[in-house]
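Computed from a predicted model, the values in this text were never measured in an experiment.
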Amino acid sequence: MDALHRHRALYKGTTPPWKETYRKRCVDRLQNSRTRLLERYRQLGESPQRSSIIVQEVMEEEWTALRSEDRRLPSLWGPEGMAEMFSVTKEYDELAVLEEIQQELVSHEVSIIDEYERNLLFEQQYISSVVEGMEDSYIICPICHMNNLNINSHFISCICGLYINTKKRHISPDVLRSLLESRVSEHMDDCPHNPVFSVAPDSDCSPNLMISCSVCDYLSIVL
């Protein structure tokens, strides 16, 4: 009788003494291999086989590590991997133990992937909401930095009190955004300090949106 079958005969009808240690170490190794699992999952594409991705690798690696600490344990895996191991152990209670551990690991693996999918969906929904907001052309008021500007063909306003008459000036959200970015960039070319926006009347008492900097004395009309 070879070493493998002597080992099987010794524990036939009983729970193998290595079960709990091996199970816990396999679970820990799988949890610590989350990055490897998700990388493999992404490589498999949209419809990977969900039965197992790295469970066999985890079981083989942990058994090898456990066996290096106790040489009395047999070598379970041959060239055919887990399939060969199951065929060797089919007559013994250890088969049920290994299958139980395998199923637990598959459940952990599925849980990790499901969590990843939920997080991915949340990120996609968040990005979509941001894109939709950009497409709606919202511009934060440069005066109060809190509210979205109301922009139409006649005026630009904010509930903070900002009101600029833009009738016949064709100021669209894109035009306003371009003007704001242009003036800020112009100032930042020469000064690292943050400018401020304000409203000041022009010669005919119509309000203008101004940008200025008290540090470098920059002053310019935005519109």
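Taking hydrophobic clusters as Ile, Leu, Val, Met, Phe, Trp and Tyr residues chained together by side-chain heavy-atom distances below 4.5 Å, Val58 shares a cluster with Ile112. In terms of hydrophobic clustering, with Ile, Leu, Val, Met, Phe, Trp and Tyr side chains grouped at heavy-atom distances under 4.5 Å, Phe155 and Val222 are assigned to different clusters. Connection of Leu223 to Phe197 is established within a shared hydrophobic cluster, with ILVMFWY side chains joined at heavy-atom distances below 4.5 Å, either directly or through further cluster members. Using a 4.5 Å cut-off between side-chain heavy atoms of Ile, Leu, Val, Met, Phe, Trp and Tyr, with links allowed through other members, Ile164 and Ile143 fall into the same hydrophobic cluster. Under the 4.5 Å side-chain heavy-atom criterion for ILVMFWY residues, no single connected hydrophobic cluster contains both Leu219 and Val215.
Contact of the Thr166 side chain with the His154 side chain is not registered, since no non-hydrogen atoms from C-beta on lie closer than 4.5 Å. Looking at heavy atoms from C-beta onward, Met146 lies out of side-chain contact with Ile159 at the 4.5 angstrom threshold. Counting heavy atoms from C-beta outward, Arg34 and Glu115 have side chains that approach closer than 4.5 Å. A 4.5 Å side-chain heavy-atom check between Asn148 and Ile140 finds at least one atom pair inside the cut-off. At least one side-chain heavy atom of Arg36 sits under 4.5 Å from a side-chain heavy atom of Glu57. Side-chain contact between Val199 and Tyr163: absent, with no pair of heavy atoms (C-beta onward) separated by less than 4.5 Å. In this structure, Ile151 and Leu176 have side chains that are in contact, with non-hydrogen atoms separated by less than 4.5 Å. The side-chain heavy atoms of Ile113 and Ile53, taken from C-beta on, include a pair separated by under 4.5 Å.
Under the 3.5 Å distance criterion, the side-chain polar atoms of Ser185 are left unmatched by any main-chain donor or acceptor of Ser182. Not one N or O on the side chain of Arg183 forms a donor-acceptor pair closer than 3.5 Å with the backbone of Ile211. Of the possible polar contacts, one joining the Ser111 side chain to the Ser107 backbone as a donor-acceptor pair under 3.5 Å is found. The main-chain N or O of Met59 is found under 3.5 Å from a side-chain atom of Tyr22 such that the two form a donor-acceptor pair. Put simply, the side chain of Arg169 gets close to the backbone of Asn165: a donor and an acceptor are under 3.5 Å apart.
The CG atom of Asn150 lies 4.0 Å from the OG atom of Ser157; values are rounded to the nearest 0.5 Å. Atom CD of Gln56 sits about 11.5 Å away from atom CD1 of Ile54, to the nearest 0.5 Å. To the nearest 0.5 Å, atoms CD (Gln31) and OG (Ser33) are separated by 9.5 Å. To the nearest 0.5 angstrom, Glu39 atom CD is 12.0 Å from Leu44 atom CG. If you take CZ on Arg29 and CD on Glu60, they are separated by 11.0 Å, rounding to the nearest 0.5 Å. The line from CD of Glu104 to CD of Glu99 is 14.0 Å long, rounded to the nearest 0.5 Å.
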Glu100 and Lys19: salt bridge (Lys or Arg N to Asp or Glu O under 4.0 Å), yes or no, with the steps?
CA-CA 10 Å; Glu100 177 186 334; Lys19 175 187 175 181; 3.3 Å; yes

As a quick check of understanding, evaluate salt bridge (Lys or Arg N to Asp or Glu O under 4.0 Å) for Asp28 and Arg25, giving each step before the final call.
CA-CA 5 Å; Asp28 290 344; Arg25 288 172 60 158; over 6 Å; no

Ile156 and Leu209: CA distance, side-chain angles, deciding distance, side-chain contact (heavy atoms from CB on, under 4.5 Å) verdict
CA-CA 10 Å; Ile156 297 172; Leu209 180 62; over 6 Å; no

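When the options Cys141, Ser198, Cys144 are evaluated for a side chain to side chain contact (heavy atoms under 4.5 Å, CB included) with Leu162, the one that passes is Cys141.
Inspection of the Tyr41 and Glu109 side chains reveals no N or O donor paired with an N or O acceptor under 3.5 Å.
A salt bridge is absent between Asp114 and Arg118: the closest approach of a Lys/Arg side-chain nitrogen to an acidic carboxylate oxygen does not fall below 4.0 angstrom.
The shortest non-hydrogen separation linking Pro173 to Ile139 is O-CD1, 3.3 Å. Residues Cys158 and Leu149 share a closest heavy-atom pair of CB-CD2, 3.9 Å.
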